[in-house]
Q: 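Okay, handing you the structure first.
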Amino acid sequence: MRIVSFGNLYLDYYIKNGELEGVNGGKTNANILANLSNRYECFFIGSCGTDTIGDIIIKDLNDLGIKNKIKRVDKQSKAYFIDNNTYSTECPFCNREVGYHGEILTEDEVIPEILESDYLVIDNFHVLTTKVLKNTTNKAFLDIGYDYDIRYRSLDELTDIIANRFEIINMNNKVFRTFKNKFMLDELDIYELFKPKLLIITKGKKGCTIVLNGEVIEKEIENPEKEVDVSGAGDAFFSEFIVAYLENEELDEKLISKTYIKANLKSRLVVRNMGARTHLKPLYKIKNYK
């Protein structure tokens, strides 16, 4: 059994008071694998440029023990610049956008790498992802943190992609509000329409809403952690629910409550540090920005 994901890879630059603190690899699905790689064999099928940014992206996967097959192209790798929890693809030092546009990989390069026993981690509904989902039967976990895939699709299109396809669906409150405002769906509506075993709606410092077996469970956070940087907190949080699913025959309310405690503690650890993976390994320090 492996935990597998795929797609473009990013490098995250962390900036504080105008100074570059360091970098590490990024992207939601890769961050989830990073949090699982100390327990399971993880494999990423990815793409990046042939530049130094790409070198660091791949080194970070290797340092975390994530096996990988990376297609490198003669383009500038993708990057995000994170400053005070704001994200931009535009470098604040030179005011240029960093990274190529669109997908590099095709489904013919991804699907043959996926084994029948693999579990998939999905974080978007881009064309490549939907093709892979349609042409594989692997059990999958969905973490959706951006609502642009929701805003520009009809409910029928989304149902065709999502329904009966994911064991666990995790979304943040922004995505949930888009479902609610655009399609007039509440938590139970989403659960009944898409039919995961578990639906999680994270609400930052306010906790989360969990739907299990048609029952809504509200979880609150007491004494929220003082946040240094929220990058990767949701990815670490979700990884604990994936562990609970993989290591238990059945999900019940008692198990979910225990898992929530573990997930909350892990996300607290993440937000104390700058960087989505700093709780796993230090940021890489850049001596020469060029």
Side-chain angles (χ1 to χ4, degrees), residues 2-13 23-34 36-37 41-82 87-91 94 96-115 118-136 138 140-153 157 161-162 165 231-232 235 276-277 284 286 290:
R2 303 182 305 178
I3 315 297
V4 176
S5 199
F6 55 88
N8 292 315
L9 286 163
Y10 291 74
L11 190 69
D12 288 343
Y13 288 74
V23 301
N24 62 212
K27 199 167 186 295
T28 293
N29 54 353
N31 288 337
I32 292 171
L33 263 59
L36 295 170
S37 61
E41 181 179 350
C42 293
F43 181 56
F44 201 99
I45 310 152
S47 60
C48 65
T50 54
D51 51 5
T52 302
I53 294 176
D55 294 341
I56 302 172
I57 288 169
I58 295 171
K59 175 175 171 53
D60 206 12
L61 293 177
N62 292 334
D63 287 350
L64 289 162
I66 301 172
K67 296 181 180 179
N68 55 82
K69 183 174 183 179
I70 309 300
K71 180 179 181 179
R72 305 194 70 174
V73 293
D74 190 20
K75 296 183 179 183
Q76 189 177 42
S77 297
K78 288 176 173 286
Y80 270 113
F81 298 87
I82 303 166
Y87 296 75
S88 176
T89 57
E90 186 176 286
C91 171
C94 65
R96 291 180 295 181
E97 188 173 7
V98 176
Y100 57 81
H101 292 277
E103 291 282 357
I104 297 298
L105 293 170
T106 68
E107 67 270 24
D108 293 333
E109 294 171 308
V110 174
I111 293 173
E113 300 293 334
I114 299 173
L115 306 178
D118 291 339
Y119 288 85
L120 304 181
V121 172
I122 303 297
D123 68 352
N124 65 77
F125 301 131
H126 299 166
V127 173
L128 171 62
T129 303
T130 56
K131 288 181 178 179
V132 172
L133 288 171
K134 289 292 184 183
N135 290 281
T136 59
N138 300 72
F141 308 105
L142 174 65
D143 189 330
I144 184 77
Y146 300 95
D147 66 351
Y148 53 76
D149 282 325
I150 314 300
R151 285 186 279 124
Y152 300 110
R153 281 189 167 92
E157 288 176 311
I161 297 168
I162 304 172
R165 192 62 187 85
S231 303
D235 309 329
R277 304 177 185 176
Y284 297 106
I286 305 299
K290 292 182 181 179

Q: Applying ring pair (Phe, Tyr, Trp, His ring centres under 6.0 Å), name anything that partners Tyr80, two or more places apart in sequence or on another chain.
A: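 For Tyr80 the ring pair (Phe, Tyr, Trp, His ring centres under 6.0 Å) partners, ignoring immediate neighbours, are Tyr10.
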
Q: With side chain to side chain contact (heavy atoms under 4.5 Å, CB included) as the test, would you mind laying out the steps for Val98 and Gln76 before giving the verdict?
A: CA-CA 7 Å; Val98 176; Gln76 189 177 42; 3.8 Å; yes

Q: So, taking the atom named CD1 in Ile66 and the one named CD in Glu41, what distance separates them when rounded to the nearest 0.5 Å?
A: 11.5 Å

Q: My understanding is that only residues two or more places apart in sequence, or in another chain, count here; which of them pass side chain to side chain contact (heavy atoms under 4.5 Å, CB included) with Asn31?
A: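 Asp235, Ala276, Arg277.
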
Q: Ion pair present between Asp55 and Arg72, side-chain N to carboxylate O less than 4.0 angstrom?
A: yes

Q: Are side-chain heavy atoms of Ile32 and Asp123 found at a separation under 4.5 Å?
A: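 No, too far: nothing below the 4.5 Å cut-off.
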
Q: Is Lys71 atom NZ crowded by more than 12 heavy atoms from other residues, nucleotides or ligands, each under 6.0 Å away?
A: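 Yes, because the 6.0 Å sphere around NZ of Lys71 holds more than 12 heavy atoms from other groups.
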
Q: So do the side chains of Glu103 and Val127 get within less than 4.5 Å of each other, counting heavy atoms only?
A: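 Of all side-chain heavy-atom pairs linking Val127 with Glu103, none is under 4.5 Å.
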
Q: Mind checking what makes ring pair (Phe, Tyr, Trp, His ring centres under 6.0 Å) contact with Phe125, not counting sequence neighbours?
A: none

Q: Output the distance between atom CZ (Phe141) and atom CZ (Arg165), rounded to the nearest 0.5 Å.
A: 11.0 Å

Q: Carefully, step by step, assess Ile57 and Ser77 under the rule side chain to side chain contact (heavy atoms under 4.5 Å, CB included).
A: CA-CA 9 Å; Ile57 288 169; Ser77 297; 4.3 Å; yes

Q: Would Tyr100 and Ser47 count as having a side-chain donor-acceptor pair, cut-off 3.5 Å?
A: yes

Q: Going through the checks in order, is the side chain to side chain contact (heavy atoms under 4.5 Å, CB included) test met by Leu105 and Lys69?
A: CA-CA 11 Å; Leu105 293 170; Lys69 183 174 183 179; over 6 Å; no

Q: So, do Phe6 and Leu128 sit near enough that their side-chain heavy atoms are less than 4.5 Å apart?
A: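 Contact flag for Phe6/Leu128 side chains = yes.
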
Q: Can you see whether Asp143 engages Asn29 through a side-chain donor-acceptor pair at a distance of less than 3.5 angstrom?
A: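 No, no side-chain donor-acceptor contact under 3.5 Å.
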
Q: Distance from Phe43 atom CZ to Asp118 atom CG, nearest 0.5 Å?
A: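 The CZ atom of Phe43 sits 8.5 Å away from the CG atom of Asp118.
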
Q: Within the side chain of Ser5, is there an N or O that forms a donor-acceptor pair under 3.5 Å with the backbone of Val121?
A: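 Flag set: sc Ser5 to bb Val121 pair under 3.5 Å.
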
Q: Rounded to the nearest 0.5 Å, what separation is found between the CD atom of Glu109 and the CD1 atom of Ile45?
A: 10.0 Å

